[in-house]
Amino acid sequence: MSRIYLFIGLIIGLGLTLSSCVDREFDEPPLNGEDPAIDASEIITVADILEIWEPGQFVEIGMEKYLEAIVVADDRSGNFFRSLVVQDETGGLTVLLDDVELWNKYFVGKKIYIDLTQLWISDYNGLPQIGFTPFDDEGFMTLGRVPAVLINEIVISGSFNHVVEPSVRSIDDLSGSDLNTLIKLDDVQFVSGIIDETYADAVNLISLNQVLEDCSGNKIIVRTSGYSDFASLDIPDGKGSLVAIYSVFGSDKQLLIRDVNEVMLSGDRCNINTGVEIDPEDIISVSEMMQNYSPGVEVPLNMDKYLEAKVISDDEAGN
């Protein structure tokens, strides 16, 4: 028995000795993460990249440099597909990445460093984008997305919890310098004709354009994907503010919502004054106008009247 007690004593003593040697002062991980050790001389800005952009063309960036920027829109809500929108103090860009659930690693407020060595810059109908090697997509040249296997190598994570404040703008003063950046519009509302509609078609997974206006009658499109997690929500019927990413499609100004909680339209609506006042006696209906119709004959109307009607079909679908 004495040997057993001696053995137990040795074990306890050894444990006490080892525990006294353990360093109990642990290094705390950085609260907001940390940035990679990339020399400042290797970093360029969004403005530097946009200088080589030629609208409608595919331009190889081909620089052994990094773009340092903050993620201002990710794919968490489903309204941005296989892409991130990043911004620095000089502007913003859309980054095409061939993967989903990007927000798990590259979320809003995270700083990232993008290796530009293999990347190209082009645009999608006027919206600047960076991505991978262009390819022929059924007769149309398209900017490629960074392959999933290369994303971690090309898009390097940095610190997080960076807050990018949206720039306060009005619909009529949005310009090219605001593209791919976070903006805020005040005193806006959706046009009255769509209040009973939803942001998009969540059943058929079809994207829709809804129209936002200010109290002066200026209008802008709010484009929403049918895959977004708020596609089925009703359009709010009030007036207020909205935060979104500014985009374009050709000559059309567009807004892309990143989080429906940033649509704050609960105030009293404003009455839009178009500056045109028409006496009801000067308005005629389609049937009244058609009384002048003669098949195969061009008939001058010669009426000092206005036809009041509602648009039920437009050219958006190209049909």
Side-chain angles (χ1 to χ4, degrees), residues 45-47 49-50 67-77 79-80 83-95 103 107-112 123 126-129 160-192 194-195 199 209-225 228 230 233 235-275:
T45 66
V46 169
I49 297 175
L50 289 176
L67 170 64
E68 175 187 338
I70 308 297
V71 177
V72 291
D74 57 36
D75 59 352
R76 184 169 189 168
S77 71
N79 206 30
F80 294 83
S83 62
L84 301 172
V85 182
V86 301
Q87 182 177 338
D88 66 10
E89 66 279 1
T90 70
L93 283 168
T94 292
V95 185
W103 66 271
F107 44 83
V108 169
K110 188 164 194 176
K111 183 182 290 186
I112 59 176
D123 61 272
L127 184 69
Q129 301 178 327
F160 47 90
N161 287 338
H162 296 278
V163 177
V164 176
E165 294 294 340
S167 300
V168 179
R169 295 284 188 265
S170 61
I171 293 176
D172 58 342
D173 70 5
L174 286 167
S175 67
S177 62
D178 297 309
L179 289 174
N180 289 309
T181 68
L182 193 65
I183 63 103
K184 180 181 180 183
L185 299 177
D186 290 321
D187 295 323
V188 291
Q189 61 193 19
F190 283 97
V191 296
S192 59
I194 62 172
I195 297 304
Y199 283 97
N209 292 343
Q210 305 291 16
V211 179
L212 193 76
E213 64 184 359
D214 62 22
C215 293
S216 298
N218 298 303
K219 293 178 172 59
I220 189 170
I221 292 169
V222 176
R223 177 77 171 174
T224 304
S225 169
S228 68
F230 56 91
L233 297 183
I235 295 293
D237 61 357
K239 182 192 72 173
S241 63
L242 178 146
V243 173
I245 299 295
Y246 176 53
S247 176
V248 292
F249 186 78
S251 60
D252 293 331
K253 295 182 176 181
Q254 295 186 340
L255 297 176
L256 301 174
I257 298 169
R258 58 179 190 171
D259 185 340
V260 74
N261 292 316
E262 295 179 320
V263 180
M264 297 160 284
L265 307 179
S266 58
D268 294 334
R269 293 179 64 85
C270 56
N271 295 319
I272 306 300
N273 180 12
T274 62

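For this chain, numbers begin at 1 and follow the sequence in order.
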Can you give me the closest heavy-atom contact between [X] and [Y], atom names plus distance?
| X | Y | answer |
| --- | --- | --- |
| M264 | N261 | CG-O, 3.8 Å |
| F230 | T224 | CE1-CG2, 3.5 Å |
| F107 | W103 | CB-O, 3.3 Å |
| R269 | S192 | NH2-N, 3.5 Å |
| S247 | L256 | CB-CD1, 4.1 Å |
| V263 | P236 | CG1-CG, 4.0 Å |

So how far is it from [X] [atom1] to [Y] [atom2], rounded to the nearest 0.5 Å?
| X | Y | atom1 | atom2 | answer |
| --- | --- | --- | --- | --- |
| Y246 | S175 | OH | OG | 7.0 Å |
| D88 | T181 | CG | OG1 | 11.0 Å |
| I70 | L84 | CD1 | CG | 12.5 Å |
| D268 | K239 | CG | NZ | 7.5 Å |
| E68 | I112 | CD | CD1 | 10.5 Å |
| D172 | K219 | CG | NZ | 12.5 Å |

Between the main-chain N or O of [Y] and the side-chain N or O of [X], is there a donor-acceptor pair closer than 3.5 Å?
| X | Y | result |
| --- | --- | --- |
| Q87 | L182 | yes |
| D187 | C215 | no |
| N209 | I221 | no |
| N79 | S228 | no |
| K253 | I171 | yes |
| R258 | S77 | no |

### Query
Under the ring-ring contact (aromatic ring centres under 6.0 Å, His included) test, which residues partner F80, sequence neighbours left out?
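Residues passing ring-ring contact (aromatic ring centres under 6.0 Å, His included) with F80: none at all.
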
#### Entry: 4.5 Å side-chain heavy-atom contact, V248 and L179
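Result yes, sub-4.5 Å side-chain heavy-atom pair found.
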
### Message
Walk me through whether E89 and T45 qualify under side chain to side chain contact (heavy atoms under 4.5 Å, CB included).
### Response
CA-CA 8 Å; E89 66 279 1; T45 66; 4.2 Å; yes

### Query
Stepwise, does the side chain to side chain contact (heavy atoms under 4.5 Å, CB included) test hold for L265 with I235?
CA-CA 9 Å; L265 307 179; I235 295 293; over 6 Å; no

### Task
Answer yes or no: does atom CG of N161 have more than 12 heavy-atom neighbours from other residues, nucleotides or ligands under 6.0 Å?
yes

#### Entry: Within 6.0 Å of NZ in K184, more than 12 heavy atoms from elsewhere
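Incorrect, the count does not exceed 12.
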
### Message
Assess the residue pair S83 and Q129 against the criterion (side chain to side chain contact (heavy atoms under 4.5 Å, CB included)); give the C-alpha distance rounded to whole Å, side-chain angles, the decisive distance to 0.1 Å, and a yes or no.
### Response
CA-CA 10 Å; S83 62; Q129 301 178 327; over 6 Å; no

### Task
Could you point out which residue of V168, I245, L255 forms a side-chain contact (heavy atoms from CB on, under 4.5 Å) with I183?
L255

### N218 and S216 side chains, donor-acceptor separation under 3.5 Å
no

### Message
Does L50 form a side chain to side chain contact (heavy atoms under 4.5 Å, CB included) with L93? I'd like the steps, not just the answer.
### Response
CA-CA 9 Å; L50 289 176; L93 283 168; 3.8 Å; yes

